[in-house]
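Below: one structure, written as structure tokens.
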Amino acid sequence: MTTPHNSAKPGDYAEAVLLPGDPLRAKWVAENFLGDAKLVNSVRNCLGYTGTWNGKRVSVQATGMGQPSLSIYVHELINVYGLKTLIRIGTCGGLHASVKVRDLILAQAATTDSTIVKDGFGKYHFAPIADFALLRAAAEKAEAKGMKVHVGNMLSSDIFYHVEPGMEGYGALPSHGVIGVEMESAALYTLAARFGVKALTVCTMTDCLVTGQSIDAEARQTSLKDMVALALDVAVQ
Ligand code: HPA
């Protein structure tokens with residue numbers, strides 16, 4: 001075992017990886033999108049695979065939910081396995097009525113309530129941001145495919161169930177341009193900055209917290225397919 005969380009050997013991963021939270025989504029991506037996919041990690045059932053997309057090597061590794069879990073996998077993918085391009089694929093809640101369910105959000109920056117980003121910055125509030133080349137490529141490719149895409153500030157929260165009901169838990173964030181909420185990107189972007197690699201989060205908005213609208217099962221599947229194909233295109237470019 002190479003790390004306590006990952007049984008892959010050096011070289012088992014490609015330089016670029018897609019990062020879903022859900023292990024079964026990693027399996028689904030490997031089985032439905034990648035050529036010649038091989039399982040490279042199954043410690044704790046946090047599945048990772050390497051295969052090909054358009055003839056180029058690419059990996060997919062689950063991170064689990066939330067920033068502490070993602071941080072363990074991402075730290076090791078970068079520092080033990082040498083990965084250079086990390087693209088989170090996920091779902092998010094919507095904090096703005098202009099973002100409709102099924103729309104794509106590219107997280108240009110990630111606001112957070114998490115203390116995980118504070119570690120090491122003392123009096124400073126570090127601003128976690130996406131890699132610009134990945135962000136630009138994803139925006140251009142999404143538009144070319146006719147997908148509805150928003151580029152903006154994402155909340156990476158440590159809290160799924162807030163004490164305050166509905167939108168109250170999000171305070172002044174929506175009125176400051178924070179358009180979506182998930183639980184991972186701020187840590188991903190901070191680790192990418194710390195270790196000099198590229199990262200981006202691509203999310204399908206599945207639950208609008210303003211209107212209460214949710215995506216239905218069939219639309220969820222189609223939207224996820226489009227998002228995975230887009231993320232793979234960006235990962236191997
Ligand atoms: N918070 C709220 N709603 C959501 C989330 C989240 O992290 N992810 C998907 N819908």
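Read the numbers this way: they start at 1 and go in the same order the structure lists the ligands and their atoms. Computation of the quantities below employed the complete heavy-atom set of this structure, encompassing side-chain atoms and omitting hydrogens, waters and symmetry-equivalent molecules. Start at 1 with the first residue, then count along the sequence.
- Using a 3.5 Å distance cut-off with no hydrogens or angles, the side chains of R57 and T52 do not pair a donor with an acceptor.
- By the side chain to side chain contact (heavy atoms under 4.5 Å, CB included) test, A144 is found to be paired with no residue, residues two or more places apart in sequence or in another chain being considered.
- Every residue was checked against the side-chain hydrogen bond (donor to acceptor under 3.5 Å, both in side chains) condition with S69, not counting sequence neighbours, and none meets it.
- Judged as a ring pair (Phe, Tyr, Trp, His ring centres under 6.0 Å), the pairs with a partner in residues 177-226 (not counting sequence neighbours) are, in order, H75-F195.
- There is a side-chain donor-acceptor pair under 3.5 Å between H5 and E76.
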Write none if no such pair exists; otherwise list each N/O atom of ligand 1 with its protein N/O partner under 3.5 Å and the distance.
from, atom 1, to, atom 2, distance (Å)
ligand 1, 10 (N), G93, N, 3.4
ligand 1, 10 (N), D207, OD2, 3.0

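- Remark: D103 engages K148 in a salt bridge, criterion side-chain N to carboxylate O under 4.0 Å.
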